[in-house]
There are 2 protein chains.
Amino acid sequence: MAFVVKSLSMNSAPSNLTNNGAPASGAVSPTAAPSSAVPSPAAPSPTFSPLYQQIKALITQSLQSGEWKPGELIPSEVELAGRFKVSQGTVRKAIDELAAENLVVRKQGKGTFVSTHHEARAHFRFLRLMPDEGVPHYPESRFVEVKRLRAPADVARLLELKSGDAVVYIKRVQLFDGVPTIVEELWLPGLVFKGLTAERLNEYKGPMYGLFESEFGTRMIRAAEKIRAVCADEGVAELLRVDPGTPLLMSERVSFTYGDKPVELRRGLYSTERHHYQNDLN
Amino acid sequence: MAFVVKSLSMNSAPSNLTNNGAPASGAVSPTAAPSSAVPSPAAPSPTFSPLYQQIKALITQSLQSGEWKPGELIPSEVELAGRFKVSQGTVRKAIDELAAENLVVRKQGKGTFVSTHHEARAHFRFLRLMPDEGVPHYPESRFVEVKRLRAPADVARLLELKSGDAVVYIKRVQLFDGVPTIVEELWLPGLVFKGLTAERLNEYKGPMYGLFESEFGTRMIRAAEKIRAVCADEGVAELLRVDPGTPLLMSERVSFTYGDKPVELRRGLYSTERHHYQNDLN
DNA sequence: GAGTGGTCTAGACCACTCC
DNA sequence: GAGTGGTCTAGACCACTCC
C-alpha cells in the first residue's frame, strides 16, 4: 500500500463513542427503571450523531485501512457488538447502510464480506454500455499508450491535485466481440499509482478497478459522470473503425475512493451503433 | 380516475397476514417463555415472505388505490401498527423500504407523506440534463403536436399494448432560458390518458408528471432509459436551431407506475452544447 | 405538552450455510 | 449442531414539530 492510515485499536472498548440517544449501556433493566441515575450532558450536542453512524465510521475506517481486505469476511454482528459495546441492532443498522452503499455484501448464513471489483456483480456497476442484442459481457482492452506526465490544469482541478503534479496517463481501446467500441483516456494521481506500467496492465485480466484494488490498495466506491454527444474526429474514427463525423457518446467520469477523494479521471468515447448507455431512474 | 382497484378494508384486522417469523403476537412475555404453546405450521412456506413485506404490499395498495393521495399525510407508524396488529418496528421497516423507493417521504416530527411530482425535489429525479454553468432549473415547454393515434408495433410492445390500440402522441420542444434544447415525442396509453389535450397541457404549469399524477391518477415511480448519440436531421435541427448533422443525445425512456406497469414511452433529442446528462454511479 | 418519526436495547426465533 | 444474518417484539428515550 502506498499510504498509511492511523489505525484504531479495534480490540479495546472505544471509550470515545457518544451515546446521545436512548438508554445508556448497562444502566437499563427490562422493567421500567428511573433513568435519572444517568446525568445528562450539559446540552444536546449541536453536532448530534447517532451511535450507529459512529459505528459505521469505525467500520469504514477498518475497510479503508485494509484491516479487512476486499473479498474477506468481516467479524460477525455479534462480535462487533461486543467490541463496540453496543447492541447487535445498532451494529446491524450501521452495516445496513454500508451494504446499501455497496461497501460490504451480506450473505445470509455465511457472514458479511468486503465488496470487491473481482466479481461479475461489480463489473456492470461502472460500465453502463450494453449491447442492443445479446448478453452483456466485459470488453477486451488494448492499451494504446501508458505514460507519466504532469497534470494539465483541468485534470489537476478534477483530481484535486496541483497543476503540474505527476499523473499516470492511459489511453486504450475496448472491444466487444472483437469490435472496437470505446476509446478512453484515464488520468490517475502519480503518487497513488506509482509503478503502474503498460506491462502490468497487459498482464492483468479483468476490469482495471480490480487491478487498482489489489495492486494499489485503491477501491473506487462511487463516480460522477457527465455525458454529451460529439462527432468522431479522424484519430478516433480510425481507432473505432467508423467514418469521421460519426456521432459518439462522450463521457467524463470522476471516480472517488473513501472519504470522497477523487482518484481517477476518465474520458471515454462510445460508439452507439450496436450498444447503448443504460440508465435506470429509481 | 380511469381505472378501478379493488380496495382492501384497511380498518379491519388483516386476518390473512402470515407470520412465519419470530414470536406470535401476544404469546410472548419479557421473561423467557416456552413457545411450544404455538403450533408451528406443517412446513416452512415455500413462498416465504416476511411480515414487513406483507405490510409493505398493503401500504402500497393504499397508495395505488388513491386512499392516500400524493402530498397527503399517511397514518402514523403507531396507528398502522395497531391496524395491522404488528409492532411499530415492523411497520417502520416496511415504510423504510417505501421511502427508499421514493414512494413516501418521512419528515421527523411531522409524519410520513405520499410522494408527489409537485415539488422541486422530484423534478430532477427524471430530468438529468443539467446546465454546464449556472443553477439547474426546469425548462419551459412548447407543444408542437398533440393527437390520438393507433399504436405502431414498436410503441405497443414497449407499452405492453396491442398493436393498433389507442395512444396519445405528444411532441414538444423544451427551452432553457429561451434556448430550445430538447425535442421529445411521448406516447401514452389512450385508455389511461383519455381527455389529455393540447389545451390541458398548455394550461398546466410545471412538469407533465405533476399533471399526470393530479389529473389522470397515474404516478410515474421509476423509469428505464437507453441513451445513444445521433446526428440532427433537418426537422430537428430547425426546432433546436442548430446545424443539420449536429451531434445530439438520444434518449429512449419507458416509465412505470405501480406494479411495474409501463405507462409512458418518451423519445428525446438533447442538445449538449451548453448542457450535459448527469449521472451518479453509486 | 402531545404527537411524530428516529435511535437504542434485549431477547426470541427463523432461514440458511457449513460441518 | 453451531454459527451467521434476517425478522419480530416490547419498551424506553431522543429530536423535532406544532399548539
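Throughout, protein chains are lettered first and strands after them, A, B, ... in sequence-line order, and every chain is numbered starting at 1.
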Between A:T218 and A:E213, does a side-chain contact (heavy atoms from CB on, under 4.5 Å) hold up when you go through it step by step? CA-CA 5 Å; A:T218 297; A:E213 166 187 301; over 6 Å; no

Derivation of the ring-ring contact (aromatic ring centres under 6.0 Å, His included) call for A:F176 and A:Y138: CA-CA 7 Å; A:F176 290 92; A:Y138 216 80; 8.0 Å; no

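Atom NZ in A:K56 sits roughly 15 Å away from atom C1' in C:dT7 (whole-Å rounding). Rounded to an integer number of Å, the gap from B:L73 CG to C:dG5 P is 7 Å. Rounded to a whole Å, the CZ atom of A:F48 is 12 Å from the C1' atom of C:dG5. With rounding to whole Å, B:E77 atom CD is found 17 Å from D:dG11 atom P. The CD atom of A:Q88 sits 9 Å away from the C1' atom of D:dT4 (whole-angstrom rounding). With rounding to whole Å, A:K93 atom NZ is found 17 Å from C:dA10 atom P. Taking atom CD1 of B:I55 as the reference point, atom C1' of D:dT7 lies 13 Å away to the nearest angstrom. Nucleotide D:dG5 holds its P atom 7 Å from the CD1 atom of A:I95, rounded to whole Å.
A salt bridge between B:E215 and B:R200 is present, with a side-chain N of the basic residue lying under 4.0 Å from a carboxylate O of the acidic one. Of the charged side-chain nitrogens involved, none lies within less than 4.0 Å of a carboxylate oxygen, so that B:K93 and B:E97 do not count as a salt-bridged pair. A salt bridge does not link A:E140 with A:K205: none of the charged nitrogens is closer than 4.0 Å to a carboxylate oxygen.
Where A:S87 and B:R92 meet DNA chain C, the nucleotide closest to each residue was compared, and B:R92 sits on the side nearer the 5' end.
The nucleotide D:dG1 finds its pairing partner in C:dC18, both defining distances of the Watson-Crick or G-U wobble pair being shorter than 3.5 Å. Checking D:dC13 for Watson-Crick or G-U wobble geometry (two distances, each under 3.5 Å) identifies C:dG6 as its partner.
Near DNA chain D, meaning a heavy atom under 4.0 Å from it, residues 96-113 of chain B has B:Q108, B:G109, B:K110 in order of number.
Put simply, the side chain of B:H117 reaches to within 4.5 Å of the side chain of B:M220, judged on heavy atoms.
Ring geometry for A:Y209 versus A:F212: interplanar angle of 30 to 60°, hence tilted.
Minimum atom distance to the side chain of A:Y52 is reached by C:dT7, of the listed C:dT7, C:dG5, D:dG5. With D:dT4, C:dT7, D:dC8 as the candidates, the nucleotide lying closest to the side chain of B:L51 is D:dC8.
Of the side-chain N and O atoms in B:T90, none sit less than 4.0 angstrom from OP1 or OP2 of D:dT7.
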